[in-house]
Amino acid sequence: MPAYRDEKTKTWYVKFRFTDWQGKSKHTTKRGFKTKKDALNYEHEFKATAEERVDITVASLAEKYLEDRKLHVKLSAFNTSRSDIKIIFCHILEN
């Protein structure tokens with residue numbers, strides 16, 4: 001798990017291979033980290049989420065959806081989505 005220093009921009013980056021959920025080997029590069037630790041943490045978290053698993057729980061799928069939704073909508077729309085998901089889960093658990 002090496003991290004590299006970009007001397008031109010004075011930032012850190014990681015370049016690594018991973019296996020996606022379909023079993024295909026891929027590589028990626030992510031640049032612009034201020035510290036080496038940040039770069040290595042990104043690689044570790046990326047590999048943990050990209051591991052070969054098709055059997056994902058509904059709760060973890062909802063969590064990933066909300067993480068992504070928060071980045072792309074206004075706060076009020078995000079809060080509405082979060083409330084809707086909580087209502088759905090409560091309804092599922094009651095039945």
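All values below were derived from every heavy atom in this structure, side-chain atoms included, with hydrogens, water molecules and symmetry-related copies excluded. Because the structure is predicted, anything quoted here is derived from the model rather than measured.
- Side-chain contact, Asn79 with Ser76: no donor N or O sits under 3.5 Å from an acceptor N or O.
- One distance of note links OG1 of Thr28 with NZ of Lys47; it measures 11.0 Å at 0.5 Å rounding.
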Can you check side-chain contact (heavy atoms from CB on, under 4.5 Å) on Thr29 and Phe16, steps first, answer last? CA-CA 7 Å; Thr29 303; Phe16 57 92; over 6 Å; no

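- A salt bridge is absent between Lys70 and Glu67; no separation between the charged side-chain nitrogens and carboxylate oxygens falls under 4.0 Å.
- Note: Thr80 OG1 to Arg69 CZ = 8.5 Å, rounded to the nearest 0.5 Å.
- Contact record, Arg17 with Ser25: NH1-OG, 3.6 Å, taken as the closest heavy-atom pair.
- Of all heavy-atom pairs spanning Pro2 and Val14, the tightest one is O-CG1, 4.1 Å.
- Distance CG/Asp38 to NZ/Lys30: 11.5 Å, rounded to 0.5 Å.
- Proximity of Arg5 to Lys10: side-chain heavy atoms (C-beta onward) are separated by under 4.5 Å at one or more points.
- Counting heavy atoms from C-beta outward, Tyr4 and Lys15 have side chains that approach closer than 4.5 Å.
- Ring centroids of Tyr42 and Phe33 are separated by less than 6.0 Å, placing the two rings close together.
- To the nearest 0.5 angstrom, Trp12 atom CH2 is 14.0 Å from Lys37 atom NZ.
- Looking at Thr9 and Asp6, their side chains do bring a donor and an acceptor atom within 3.5 Å of each other.
- Annotation: the span from Leu66 atom CG to Leu61 atom CG amounts to 9.5 Å, rounded to 0.5 Å.
- Both tests hold for Arg31 against Tyr13: distance to the six-membered ring centre under 6.0 Å, angle to the ring axis within 45°.
- Val73 and Leu71 are assigned to two separate hydrophobic clusters, defined by single-linkage of ILVMFWY side chains at heavy-atom distances under 4.5 Å.
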Starting from the C-alpha separation in whole Å, work towards a yes-or-no answer on side-chain contact (heavy atoms from CB on, under 4.5 Å) for Ile85 and Tyr65. CA-CA 10 Å; Ile85 288 175; Tyr65 169 75; 3.7 Å; yes

